[in-house]
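Data block below; observations after.
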Amino acid sequence: MSPVTDVDVIVVGAGPVGLLLAGDLAEGGAKVVVLERLTEPTTESRASTLHARTMELLADRGVLTRLGPLPDGGPGHFGGVRLDLAQADPTHPYAGQWKCPQARLEAVLGERAVELGARLLRGHEVVDVADLEDRVVVAAVTGDGDTQRFVAAYAVGCDGERSTVRELGGFTFVGEDATKSMLRADVAGIDIPDRRFERRPNGLATAHRWPDGSTRVMVHVFGAAPDHDDGPPEFATVVEAWERVCGEHIGHGTPLWLNTFDNTRRQVDRYRRGRLLLAGDAAHRQMPVGGQALNLGLQDAAELGARLAARITGTAGEDVLDDYHRERHPIGARTLTNIKSQALLLLGGPEIEDLRAVFAELMTLAPVRRHLARMISGLDLGRADHAPVTAQDSSAVVAHRPTDRRSIMGKLSGSTALVTGSSRGIGRAIALGLAEAGALVVVHYATNDDAARETVELIEKDGGAAFAVRAELGVPGDVHELFLGVEQGLKERTGETRLDIVVNNAGATTPGITPENVTPEEFDRLFAVNAKAPFFIVQRALPLLPEGGRIINISSGLTRIAVPDQVAYSMTKGAIDQITLHFARYLAPRGITVNSVGPGITNNGSAIFDNPEAVEQMAKFSAFRRVGEADEIAAVVTFLAGPDARWITGTFIDATGGTLLGQGAV
Ligand code: NAP
């Protein structure tokens, strides 16, 4: 068979990296052929996370428009400690992370490359690569056993971890072998709770229920040797590890997919040797944590494409190819270092608990979170050097996020909030508001499990994060029980117990009782729930609140107007305003603000608000002649919880819809 010679660049491997590169080269005027071993595109999606810098690159090439709206990937993590990547730059059009199955990305990049003129040859397994100084010759065995030779000016290995080009091209792949591995499986027919990087005495476990009802489990047994076999693990191995770490039996399930990954860390010493170049996993191998491998590879390809095309078309000299190595090698090395640190934090056993604690403490600092988020998002690599995002492309994705969410999104990213009494009513609206602004919310309640679960589900449905904690307030041990749940839940999800925002909302109310008929028992109950519990919640939260924390106490307009049938209840709200006043001064040196919000009559979803006559009577109290809505109180609380309210403390914010203006029948 005569060799194929009308080629400038041979790209080996039709994964996302090879296909992006092929498209860029073709667009830049190079004749490109892509050789791919597989006869059909893979349906397996090993990676699915795209970061802000990659989104920019895809936007610049019109690829985002082709992909259509991508779902928001929610907050990310650093070594299992929650880290909202939107904090890298909340104003960036692609701040955060985005979900796109690898198979879908490959299909679109393949389409683009072919449309731009690249030739994609599947079923071509590269078996020989020779750099002959003035050209390269690559031999590939085709499906019917023939050997086809391709002659070109350059060849680029985008052929993954086990790169043939790297091997045959004589590149030196330096680094460290695996010391730990993690087992992964998709299992049908099991019912276990979702958990995210849950550290348990014997290991680390993650479980996530897919929409089809199967569950993705990931497990690592502390101290276990890595699995050195090339193939997937036995299901029995996964079952045994899961049982050891979580104490749950999943052996009755059906494994749909089994896989293992490890912390091997290697990088070639040079990204270019003569006429051979490497990009993506062929150039660096790392643990696939947080989607960084795919993003790093796509960014390699984007940097190489324009340079190599310029070299081919004669507008640049050989040195641009050395520049590719000079630029991308340190970036790859830096990514490998962050991944190694994350692997240590994630898979280290009890011996790294102290390190995790220090790390989690550092991550309470906004500049630290921003630094790490920028590093992972790829935004610290000199965005100014790159073409701006086109308006057309950015709208394709941004439109997918509700605009009101975007306007506040990120303000509370990476923060955590406790809202007492958030199973229902005003508390639920507050929980939803804070979660929408990016906070991880603890939904506290007394007895109503279903309502609390519903609040959490509503938050999660909207892409937020929350968990519920049950603890009746006003009884002995109440605050202790509450914080056991709060601290455990936070630790599991964020690796620490930092609590940025405390909203004392839970409240006991009474139907009107004339002052003569208030019993000592009723008086004590109201004070226990509405005044004593909030005081001790604040006291207990003090060590958890970081610099710049927020305490918001839900008071009542009844502290400012006389309604004698509510005297005992109003006294409790007067007491909560005293918590606000005194703690505001006490906590100001720590930058913590403390404020009260006083609602008027507010629709909390209870039956009386379904009665039009009652609502009409209640509406008369407000200057606006209507009752308040729970989300109107939530908006005030969300503002107070955010950075824009940092100069407000020790105050009472009237959220009564003008009830205190006195037009009502009071
Ligand atoms: P709500 O609908 O009655 O909901 C009360 C919430 O507090 C529920 O989540 C409930 O949990 C929880 N809770 C009640 N007693 C508790 C206890 N002993 N221990 C722990 N949790 C308890 O209340 P709301 O009307 O939204 O009122 C919220 C806050 O706003 C209260 O502080 C109230 O005083 C104040 N406020 C309300 C109005 C108004 O018109 N709605 C006006 C002024 C001030 P379960 O679901 O488990 O029972």
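Each ligand, and each atom within it, is numbered from 1 in the order the structure gives. When a residue number appears, it is its place in the shown sequence, counting from 1.
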State, without any angle test, whether Asp186 and Trp210 hold a side-chain donor-acceptor pair at a distance under 3.5 Å. yes
Which is closest to atom 13 (N) of ligand 1 in terms of heavy atoms, Ala506, Ala508, Ser422? Ala506
When you compare ligand 1 with Glu472, is there at least one nitrogen or oxygen pair between them that comes in under 3.5 angstrom? no
Does any N or O atom in Ala446 lie less than 3.5 angstrom from one in ligand 1, N or O only? yes
Looking only at distance, does Gly557 have an N or O less than 3.5 Å from an N or O of ligand 1? no
For atom 18 (N) of ligand 1, what is the closest protein heavy atom, and at what distance to 0.1 Å? Leu473 O, 3.0 Å
Compute the shortest N/O to N/O distance between Gly421 and ligand 1 and return yes if it is under 3.5 Å, no if not. yes
Indicate, as side chain, backbone, both or neither, the part of Ala451 found under 4.0 angstrom from ligand 1 when only non-hydrogen atoms are considered. neither
Name the atoms and distances for all side-chain donor-acceptor pairs under 3.5 Å in residues 541-549, with sequence neighbours left out.
none

Before signing off on this row, confirm whether Tyr569 and ligand 1 have an N or O atom pair separated by under 3.5 Å. yes
Taking atom 47 (O) of ligand 1 as the reference point, the nearest protein heavy atom with its distance: Thr447 N, 2.7 Å
Under a 4.0 Å heavy-atom limit, does Lys573 contact ligand 1 with its side chain, its backbone, both, or neither? side chain
Output yes when the distance from some N or O of ligand 1 to some N or O of Asn505 is under 3.5 Å, and no in every other case. yes
